[in-house]
Visitor: 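This is the structure, below, for whatever I ask next.
We use all heavy atoms of the structure for the numbers below, so side chains are in, but hydrogens, waters and symmetry mates are not. None of these values were measured; they are calculated from a predicted model. Lettering follows sequence order; numbering is per chain, from 1.
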2 protein chains.
Amino acid sequence: MAKKPATIQDIARKLNITASTVSRALNDHPKISRHTKDAVWQAAREMNYQTNTMAANLRKGKANTVGMIVPRINRHFFSNVITGVESVLNPAGYNLMICQSEEKLQKEIENIKTMIANRVSGILISLSVETRNTRHLQRIIANQIPLVMFDRVDPKLQVSQVVNDDEAGAYDLTLHLLEQGFRKIMWMGGPRISSIYRNRYNGYRKALESYQLSPDAMPCFEGPATLVSALDYMRDFFQKGNRPDAVFATSDYMAMGTLQACQEAGLSVPDDIAVAGYSNEPFAALISPKLTTVEQFSEEIGRATARLLLDQLMSESDETISRKISIKPKLIIRETSLKRKK
Amino acid sequence: MAKKPATIQDIARKLNITASTVSRALNDHPKISRHTKDAVWQAAREMNYQTNTMAANLRKGKANTVGMIVPRINRHFFSNVITGVESVLNPAGYNLMICQSEEKLQKEIENIKTMIANRVSGILISLSVETRNTRHLQRIIANQIPLVMFDRVDPKLQVSQVVNDDEAGAYDLTLHLLEQGFRKIMWMGGPRISSIYRNRYNGYRKALESYQLSPDAMPCFEGPATLVSALDYMRDFFQKGNRPDAVFATSDYMAMGTLQACQEAGLSVPDDIAVAGYSNEPFAALISPKLTTVEQFSEEIGRATARLLLDQLMSESDETISRKISIKPKLIIRETSLKRKK
DNA sequence: GTGAAAGCGCTAACAG
DNA sequence: CTGTTAGCGCTTTCAC
C-alpha cells in the first residue's frame, strides 16, 4: 500500500505542538525557539517529510514559477536561451515551466492556458512561425501576468521584448560580402512573416542599397529554414545554369544545404561562390571550409529576457514596464566568404 | 490594481447555483444539464475564468505531472529524448516538469526534492557524470513514486531502465574498423565510471578480443567527452610521434577534436588514420570527410522511457514493475573510416 | 514563543 | 440533475 506522505500535522502530533508552529519552524521563522526548530527538523527528517508545494502555493496564492514557451526545445538556439533564463531565474528563487509550441498556434494557445491555470508569476514567449496575430496574448495581459517576448516577437505589442538585432547582423554580413567584391548576392531566407527573417531581410536590403544595389535585382528564395529545403531549391537552381556570386542564407542549416548543392554542382566554395549563414550553429566551425556566420549570443538573450521579467516581478507599481532590448550580434568571418587573393 | 482571478464561486454566485455544480459543469460531468453547462461555460468565458490547477491538484492529491531530470537540456541527445517523452506523455494527459542537474550530484538531489515536493506522478532520470551512488534515489522509491532511469543508469537498481545498447554499438563499430583492416585502434573515451562509457568500452574490448587483440595493447585516452579535451590530448600525442591506425572516440565531439588534431598534424583522414565517433550529432554528416558514427535513436529512447512510466502509472497493483529495455543503435558508416582501395 | 482558527479554490461522497 | 458538507495541506492573522 502506498503510504501517504507525512504532513505538518503528523509532525505536530508527534511532537505535541501545533501545525502552525511546525510550519513556522520549517520556514525558519525568527520567533521559534532553537529547541523547537531542532526537534521539528529532526522529526521531519525521520518521517521523510516533504513540503506539499501545491498546498503551500495555493495558500500563498502564487507559485514562484515562470512559464516559458518556445517553438522547439531541441533547437540549439532555444535550448541555450533556456539555459540563460535558468541561470538568472533559479538564483532568484523561481522555477521554470517549459512548454513547446511545436511551431503551432493552437499549441501556443493551449500552453498559455496551462500556464495561466498554474498561476505562473510571469510568462516568457517566442512566437511560433504560424502565429500571425497576438490576440491570444491578450489573455495573459488581461490576467495581469508579466510578459516578456524574446526572439520572435510582435514589435507592435506594448510589452518587454528582447531580440537579436537581426537587421544589424544581416547588414554587417551583407556588407562584408560586398566588401569582398561580391555583387550578385542571393537571398535565401525563412518566411518573412516572422519578425526575425523580416528584419534580416531589411539589413540585407540596406547594405545593398548603400552600394546602390537593389534586392530586386538579386536572386531570391524564401522557404522553410531547413537544410533540405535549401538543398532542393539550389540543386534545381544550379541545374538551370544560375550562378550567384554569393549566397546569404538566414540560417546555418540553409547555408549547409546550399554548400551541399554547390558540391554536387561541382562549384568550389569560396572560389566559385561564397556562402554565409546565420546563428553560428556548433557545426559551422567544424565543417570545411568553415562557415561564415553570425553569432547571436543566445544565452545572453535568455539572461536579458529573465532580467526584464524579474524587473517587473520586483516592481511595486502596477504600471507595466515595457522595455525593449536588442542584443547586438557578431559577424564571424570564416572561410566560406573570403575571396582568395588571385 | 491586480484584480483577483475569477473562481468557481464567483461563477456560482452570478448564476445562482452552487460551486459544485459549476465544478461539475466545467469538467463536463454527464449528469449536468445542457442548459446549465452552457450557462456556466458562457459565464466562465465572460469572466475570463481559468481553473486554479494548484487547488484542483491539491484536492485530487495528484498533479498529473511527471518530473524529468537531465544533465543538460542543451545537448542534442537529451533535448531529443525530451521530445520523445513529451510525444507520449502529453497525449496521455501528463505534463512534463524538466530540471537540469548540470552534471552535478548536488543539483540532482535538489531537483529530486523539488519534484517530490510537487507530488509528481513519476520521475524520469538520467544520472549526472558526478553521480557515483544512487542513495538519493531511495527517497523517490521510499515515497512510492514510479521511477524510470534512462541512458545513464545504475544497472544494479531494481527499477525500469531504458538504455542504448552501448556495448553492441561499440562492438559493431570496432568490428567495422577491424574489418577495414585497422589493427591499432585507439580508445578515446569519456569517464568509465559512467555506465555508457563503461559499456562502450566493453563492446570495444570484445570486438578486439574476437580478433585475438587486447585493449591493453592499444593506445588509450580517458577524459571529458569534449572537443577540446580530445584536441589537446591528440595534439600532444601526435607530436610525440604516435600513430594509431584508427581512433574510436566515444562521442562525436571527441572525434571532432581528433580530426582537427589530425589536420594540424598533416595527417589525412581516412588515408593516414581512421576516425569514428558516437551519437550521430547533426554535424557528423555535414563535415568533410563525413564522420562514421553510431545513431542512438534518442527520440525512441524518450518514447520507450515514457511508455515504461505509463505502464507503472496505469498498473493497479502496487508491485513495482521493473523492466529493462535496450534500444539497439545503428552503425552509420561514412567516409572517415573507409580504407580506400589502393 | 506558541496556539487557535480561518481559508486559499477546488472536488467528491452523500443526500435528495 | 443539483445542493450540502467536508477537507486536501499549508500559511497567517490574531490572540495570549
Visitor: Rounding to a whole Å, what distance do you find between A/Lys31:NZ and D/dC14:C1'?
Guide: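 Nearest whole value for this atom pair: 12 Å.
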
Visitor: I'd like to know if A/Glu103 and A/Arg152 make a salt bridge, using a cut-off of under 4.0 Å between side-chain N and carboxylate O.
Guide: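 Salt bridge flag = yes for A/Arg152 with A/Glu103.
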
Visitor: Which is true for A/Thr7 with a 4.0 Å heavy-atom rule: it touches a base, it touches only sugar-phosphate, or it touches nothing?
Guide: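 It contacts sugar-phosphate atoms only.
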
Visitor: Kindly point out which of D/dG9, C/dA5, C/dC10 is positioned nearest to the side chain of A/Ser20?
Guide: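 Within the option list, the nearest is C/dA5.
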
Visitor: Is there a side-chain contact between A/Thr18 and the phosphate of C/dA4, meaning an N or O under 4.0 Å from OP1 or OP2?
Guide: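 No.
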
Visitor: May I ask you to test the B/Ile82-B/Leu96 pair for a side-chain heavy-atom distance under 4.5 Å?
Guide: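 Yes, close enough: below the 4.5 Å cut-off.
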
Visitor: Does B/Asp10 have any salt bridge (Lys or Arg N to Asp or Glu O under 4.0 Å) partners at least two apart in sequence or in another chain, and if so, which?
Guide: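 Here the qualifying residues are B/Arg13.
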
Visitor: Just how far, in rounded Å, is P of D/dC8 from CE of A/Met54?
Guide: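 So the two atoms are 13 Å apart, to the nearest Å.
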
Visitor: Does a side-chain heavy-atom distance below 4.5 Å link A/Gln50 with B/Arg119?
Guide: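 In contact.
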
Visitor: Under a 4.0 Å threshold between the charged nitrogen and the carboxylate oxygen, would A/Lys113 count as salt-bridged to A/Glu110?
Guide: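 Salt bridge absent between A/Glu110 and A/Lys113.
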
Visitor: Under 4.0 Å, counting only non-hydrogen atoms across every strand here, what does B/Asn57 touch: a base, just sugar-phosphate, or nothing?
Guide: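 Answer is nothing: B/Asn57 stays at 4.0 Å or more from every strand.
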
Visitor: Using a strict 4.0 Å threshold on nitrogen-to-oxygen distance, state whether B/Arg303 and B/Glu299 make a salt bridge.
Guide: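 Looking at B/Arg303 and B/Glu299, the cut-off is met.
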
Visitor: Between B/Met54 and A/Leu58, what is the shortest heavy-atom contact and its length?
Guide: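 Closest approach of B/Met54 to A/Leu58: SD-N, 4.2 Å.
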
Visitor: Give the rounded distance in Å between these two atoms: CG of A/Leu26 and C1' of D/dC10.
Guide: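 It works out to 11 Å between those atoms.
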
Visitor: Measure CZ/B/Arg24 against P/D/dT2 and give the value in whole Å, please.
Guide: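 Distance, rounded to whole Å: 9 Å.
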
Visitor: More 5' along DNA chain D: B/Thr21 or B/Leu58, using each one's nearest nucleotide?
Guide: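 Result of the comparison: B/Thr21.
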
Visitor: Please step through side chain to side chain contact (heavy atoms under 4.5 Å, CB included) for the pair B/Phe297 and B/Asn164, ending with a clear verdict.
Guide: CA-CA 8 Å; B/Phe297 303 110; B/Asn164 195 254; 5.7 Å; no

Visitor: Could you give the NZ-to-P distance, from B/Lys62 to C/dC10, as a whole number of Å?
Guide: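 Checked: the NZ to P distance equals 18 Å.
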
Visitor: Atom CD1 of B/Ile17 and atom P of C/dC10: how far apart are they, to the nearest Å?
Guide: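 About 13 Å, once rounded to whole Å.
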
Visitor: Can you pull out the residues from residues 32-46 of chain B that lie within a 4.0 Å heavy-atom distance of DNA chain D?
Guide: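 B/Ile32, B/Ser33, B/Thr36, in order of number.
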
Visitor: In whole Å, I'd like the distance from the CG atom of B/Leu15 to the P atom of D/dT2.
Guide: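 B/Leu15 atom CG is separated from D/dT2 atom P by 11 Å.
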
Visitor: Counting only heavy atoms not in B/Lys62, do more than 12 fall under 6.0 Å of its NZ?
Guide: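 No - once you tally the heavy atoms of other residues, nucleotides and ligands closer than 6.0 Å, there are 12 at most.
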
Visitor: Grab the CG-C1' distance between A/Asn52 and D/dG7 for me, whole Å please.
Guide: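 Rounding to the nearest Å, CG of A/Asn52 and C1' of D/dG7 are 13 Å apart.
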
Visitor: Strictly below 4.0 Å, heavy-atom distances to any atom of DNA chain D: list the hits from residues 109-120 of chain B, or just say none.
Guide: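 Residues of residues 109-120 of chain B that come under 4.0 Å of DNA chain D do not exist, since none gets that close.
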
